[in-house]
There are 2 protein chains.
Amino acid sequence: MTRVLVVDDEPSILRALRINLSAREYDVSTAADGTSGLAAVARDRPDVIILDLGLPDMDGTDVIHGVRGWTSIPIIVLSAWGQESQKVAALDAGADDYVTKPFGMDELLARLRAAVRRASPAPDEPVVTTADFTVDLAAKEVIRSDGSDVRLTPTEWQLLEILVRNSGRLVTQRQLLREVWGPAYETESNYLRVYLAQLRRKLEPEPSQPRYLLTESGMGYRFKP
Amino acid sequence: MTRVLVVDDEPSILRALRINLSAREYDVSTAADGTSGLAAVARDRPDVIILDLGLPDMDGTDVIHGVRGWTSIPIIVLSAWGQESQKVAALDAGADDYVTKPFGMDELLARLRAAVRRASPAPDEPVVTTADFTVDLAAKEVIRSDGSDVRLTPTEWQLLEILVRNSGRLVTQRQLLREVWGPAYETESNYLRVYLAQLRRKLEPEPSQPRYLLTESGMGYRFKP
DNA sequence: CCCGGGCGTTAAGGTTCCGTCAAGGCCCGG
DNA sequence: CCGGGCCTTGACGGAACCTTAACGCCCGGG
């Protein structure tokens with residue numbers, strides 16, 4: 001289910017979007033100003049953000065920069081008619097699309113679909129196999145080579161998913177922490193040690209001498225298929 | 001240089017876009033109908049397409065489908081005001097963005113930049129190969145020609161990365177020390193001797209007679225591919 | 001011939017980083 | 001209200017890494 005975060009200070013718009021999006025099977029959360037909007041992005045990890053530029057507490061482009069600082073979640077900007085320069089500024093700040101109020105709900109929905117479609121990287125290969133287990137990213141499932149399936153907690157899964165998606169590449173601790181726990185946790189390398197140990201215990205044939213989930217001291221971790 | 005294909009049947013718009021885009025250092029090609037437009041896409045492989053929906057020979061969504069059938073080049077659609085349903089259809093057919101005529105040139109340029117930015121997520125392809133090993137800067141990985149991979153510490157990586165990025169060029173000791181250890185260490189050439197020795201031991205087939213990591217006495221070091 | 005600067009090499013200390021374990025808190029379902 | 005996953009947090013031994021110093025080599029100049 002696609003998660004949408006709506007950041008707007010007008011209750012009527014918030015309500016209209018919530019009703020329309022929920023009816024289309026979107027998972028909607030809302031925020032009424034820039035500060036709580038940025039917090040909500042870090043906490044909820046929406047798949048797409050609808051952002052009104054006329055917020056009471058922050059400039060719209062600053063909100064965009066705050067989000068773009070650490071993630072590329074698509075942003076659709078909403079704003080009053082006739083603000084040509086604002087429109088350009090928002091797009092250059094990193095917004096993906098721009099809709100002028102008043103807008104037709106059909107158009108917004110279409111742009112939403114377009115943004116989500118672009119963001120989903122590709123119908124790529126969501127299955128990775130090693131000699132000891134198989135990771136199916138689409139089914140969110142890990143099966144050992146003897147047929148038994150592995151139970152992973154949500155956090156363990158997020159971590160494994162990032163490592164597998166970057167198969168072979170080194171992923172820095174900062175990136176892992178940012179993508180799993182949010183930008184505020186970039187220094188809590190403690191978490192990584194705990195969860196990597198758990199993943200190894202569940203996946204590695206010899207957890208004390210990892211073959212797939214490798215540590216690069218001082219840099220990060222690497223999944224080696 | 002970014003290549004833009006403009007598909008439109010109105011000579012005035014074609015001319016206006018050609019002038020404005022050329023002035024911004026875009027490489028512009030044009031087509032006046034859907035058929036020649038599709039041919040131009042296949043022939044020129046533009047980085048982005050600007051497509052007018054009101055073409056004489058084909059329906060706009062068909063052109064989009066024709067392009068989307070085999071490539072994901074970003075498409076920005078142009079159309080007359082008030083065609084809400086057409087707009088939705090175009091986006092759902094796979095267009096990336098939609099601009100209503102009459103449009104401001106600034107807005108179109110901003111949307112163009114946004115579309116190009118989204119489409120190029122890979123900034124560079126930093127892989128350098130020699131007869132004895134391959135350096136993959138993105139994956140932070142060095143593989144010897146016999147298949148074994150080399151373990152490098154963070155400092156060793158920083159050093160090697162600078163040298164490889166300046167492949168063939170001489171890099172002064174000051175620059176290396178400044179970029180790896182910080183400006184306060186510009187005279188500690190000791191560090192360089194120690195770490196260059198380690199890199200040679202790990203990379204060179206004959207560490208005592210370096211072939212890739214060369215010393216320029218009194219000046220600095222050079223990576224020779 | 002001797003001497004000194006620049007470089008390569010090695011090894012010892014000290015520091016940071018990692019794996020591991022376990023206790024405590026939170027949330028949810030029974 | 002109680003129990004069980006799950007997530008956070010802290011502590012500790014050991015490994016990896018960085019710094020630093022010492023020594024030998026080569027080469028050009030005095």
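Below, each value reflects all heavy atoms present in this structure, side chains not excepted, and no hydrogens, waters or symmetry copies.
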- prompt: Separation of B:L192 atom CG from D:dC18 atom C1', in whole Å?
  reply: 14 Å
message: Between the side chains of A:R45 and A:E179, is the shortest nitrogen-to-carboxylate-oxygen separation below 4.0 Å, so that they form an ion pair?
response: no
- request: For residues B:I162 and B:F223, determine if any side-chain heavy atom of one lies less than 4.5 Å from a side-chain heavy atom of the other.
  value: no
query: Counting just side-chain N and O atoms, does B:Q173 come under 4.0 Å of either OP1 or OP2 of C:dC7?
result: yes
message: Using the side-chain heavy atoms of A:R200, tell me which of these nucleotides is nearest: C:dG8, C:dG19, C:dC17.
response: C:dG19
- prompt: Does a donor on one side chain and an acceptor on the other come within less than 3.5 Å for A:S22 and A:R18?
  reply: no
query: Does a salt bridge link A:K101 with A:E10, judged by any charged N lying under 4.0 Å from a carboxylate O?
result: yes
message: Whole angstroms only, please: what is the CG-P distance between B:L203 and C:dG8?
response: 15 Å
task: Please report, rounded to the nearest Å, how far the P atom of C:dC7 is from the CG atom of B:L196.
output: 10 Å
task: Counting heavy atoms from C-beta on, name the nucleotide in C:dC18, C:dG8, C:dG6 closest to the side chain of A:Y221.
output: C:dC18
Under 3.5 Å between N/O atoms: give me all the protein pairs with nucleotides 24-30 of chain C, atom names plus distance.
none

query: For C:dG6, does OP1 or OP2 lie under 4.0 Å from any side-chain N or O of B:S189?
result: no
task: Starting from C1' on D:dC17, measure out to CZ on B:R201 and report it in whole angstrom.
output: 14 Å
query: Among A:L137, A:L159, A:D136, which residue meets the side-chain contact (heavy atoms from CB on, under 4.5 Å) test with A:V164?
result: A:L137
task: For B:D132 and B:T130, test the side chains for any donor-to-acceptor distance below 3.5 angstrom and give the result as yes or no.
output: no
query: Any side-chain heavy-atom pair from B:L163 and B:Y212 closer than 4.5 angstrom?
result: no
field: With A:Y191 via side-chain hydrogen bond (donor to acceptor under 3.5 Å, both in side chains) - residues at least two apart
entry: none
task: Quickly work out the A:Q209 CD to C:dG19 P distance and round it to whole Å.
output: 13 Å
message: I'd like to compare against my own output: the B/S/- annotation of nucleotides 4-10 of chain D with a strict under-4.0 Å heavy-atom distance to protein.
response: --SSBBB
query: Salt-bridged, A:R68 to A:D96, with N to O below 4.0 Å?
result: yes
field: Gap between atoms CG and C1', on B:L199 and C:dT9 respectively (whole Å)
entry: 15 Å
message: In this structure, how many angstroms lie between the C1' atom of C:dC7 and the CZ atom of B:R193, rounded?
response: 6 Å
task: Could you check how far CZ of B:R222 sits from P of C:dC7, rounded to whole Å?
output: 14 Å
